[in-house]
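Worksheet: one structure, shown below.
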There are 2 protein chains.
Amino acid sequence: MRYHKIADETIRRLPIYLRGLLSLSEQNQANISSKDMADILGVNPWQIRKDFSYFGVFGTAGVGYNIKKLIKQIKKILKLDVVHKAALVGAGNLGLAILAYPDFGIYGFDIAAAFDTNPKKIGRKVKNITIEDVSNLSTLKKRKINLAIIAVSWDKAQQTADALVKAGIKGILNFSPCYIRVPKKVKVITIDIATDLARLPYYMPAS
Amino acid sequence: MRYHKIADETIRRLPIYLRGLLSLSEQNQANISSKDMADILGVNPWQIRKDFSYFGVFGTAGVGYNIKKLIKQIKKILKLDVVHKAALVGAGNLGLAILAYPDFGIYGFDIAAAFDTNPKKIGRKVKNITIEDVSNLSTLKKRKINLAIIAVSWDKAQQTADALVKAGIKGILNFSPCYIRVPKKVKVITIDIATDLARLPYYMPAS
DNA sequence: TCTCAATAGAGTTCACATTCACAAAGTATT
DNA sequence: AATACTTTGTGAATGTGAACTCTATTGAGA
């Protein structure tokens, strides 16, 4: 019996809506209709309305939705109304690219620490972050960091995750191409770039 | 009335299965049961069997599935039984990380060209690939490249896609955080790292 | 004030996906 | 050969999400 639970697929779409809304807000637009928003984001208007109806946002017929109000509402649901500090583990090619990625900020994320095992990298400073030895992971709890990004090679992913869980991390974004075992209370989202690419040929017309 | 079409969700899982199977194959294992495979990949055994049943792979009761046969079958369905040449557009942080990413090869992808607009980067050689000016995109058709990875900033993503479509590209893996308009015959898969991270706090227990 | 166009929100139906349960088919053991 | 065990394949039940329709509400303009 679920009471106020929002569908997972809706939750998956909310950050996309949020990104579009933030962009419109910067352009000082006040309202938007589900139809216009659908055009911008490439989805269906009724999908948007249905998603919003889950959490009782009321738009105005004939006008649309108030953008500022909507942003506030979505942020609250996604728990993005507070700043989340995140730790990056693995400062290789991918790790450094993530560190330089500009878009985490708009959702209220702050990558506050970075770790690696390579002595040559430890101590280096990238974007105001000093790369630390992974043995320092245990300090995360004290530093109020409860979110981590794993960008290490697949053979070290599980042990990294174990260390993170021990350090009190509650959510992991995993870029390693493997399944990671964690306690139920910890949420893992895995992004496997290669598997997404591997789906493409199936959908491509025969050349 | 669909005859042999495989469910999209199944297609999404096939590359994951394939990765696990390739790994097992390297260890010279001959057979595997759906249960053991489920343990490794973190999914349900009946899900695996159901997925396989769609394309009529027959395992052996009491033994499991023949790994080599299964690999061949999955590769064929995903059209990964031939090498696909891919082009990378955008040699920034993310682009270079993708270029260095080792796992595309196992699925039979070959990143055969890289492009950028920055004169300082053009001509540089990375991993045997010489970075070219984007004006060269039009040569892709001649070079038999029909697959591209977009890793440019969001404000140049649409124009990049337009150029790629004009150059005969049939499939695009898009890392830019925006919706891209393309003709129906072209397939786009978008990976938006930040939106995935943005889902995490919702699922994390209150600290 | 009345009418009309635009648009939200709720309800319905349909399509797809997951889960489950079990018979059938194979292997191993005694 | 008989029995116990393992594992597949699949039909049915259940759950979930998408697509579409319809009605009510609002704003604007005659």
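Numbered from 1 within each chain, the chains take letters A, B, ... in sequence-line order. Because only heavy atoms are used, hydrogens play no part in the values below, and waters and symmetry mates are left out as well, while side chains stay in.
The local environment of NZ in Lys79(B) is crowded, with over 12 non-hydrogen atoms from other residues, nucleotides or ligands closer than 6.0 Å. By the 6.0 Å contact criterion, CG on Asn128(B) is open, its count of non-hydrogen atoms from other residues, nucleotides or ligands being 12 or less.
Within 4.0 Å (heavy atoms only), Arg12(B) reaches no atom of the nucleic acid at all. Among the heavy atoms of the strands lying under 4.0 Å from Tyr65(A) are primed sugar atoms or P, OP1, OP2 only; no base atom is included. Among the atoms of the strands shown, only primed sugar atoms or phosphate atoms (P, OP1, OP2) are found under 4.0 Å from some heavy atom of Phe58(A).
In this structure, Glu9(B) places its CD atom 18 Å from P of dA15(C), rounding to the nearest Å. The nearest whole Å value for the distance from the CD1 atom in Ile6(B) to the P atom in dA17(C) is 12 Å. Straight-line distance from the CZ atom of Phe52(A) to the C1' atom of dG17(D): 17 Å, rounded to whole Å. Nucleotide dC16(C) holds its P atom 15 Å from the CZ atom of Arg13(B), rounded to whole Å.
For Ala61(B), the listed nucleotide lying nearest its side chain is dG26(C); candidates were dG26(C), dT10(D), dT27(C). You'll find that the side chain of Asp8(B) is closest to dA17(C), out of dA17(C), dT7(D), dG17(D). Each of dG9(C), dT10(D), dG26(C) was ranked by its minimum atom distance to the side chain of Lys50(B); first place goes to dT10(D).
A heavy atom closer than 4.0 Å to some atom of DNA chain D occurs in Asn44(A), Trp46(A), Gln47(A), these being the qualifying members of residues 23-49 of chain A.
Checking side-chain atoms of Gln27(A) against main-chain N and O of Gln29(A) turns up no donor-acceptor pair under 3.5 Å.
With salt bridges taken as basic N to acidic carboxylate O contacts below 4.0 Å, none links Asp81(B) and Lys72(B).
For the pair Pro201(A) and Leu147(B), the tightest heavy-atom approach, listed with the atom from each and the gap, is CG-CD1, 4.4 Å.
Within the 4.5 Å cutoff, side-chain heavy atoms of Leu41(A) are placed close to those of Tyr17(A).
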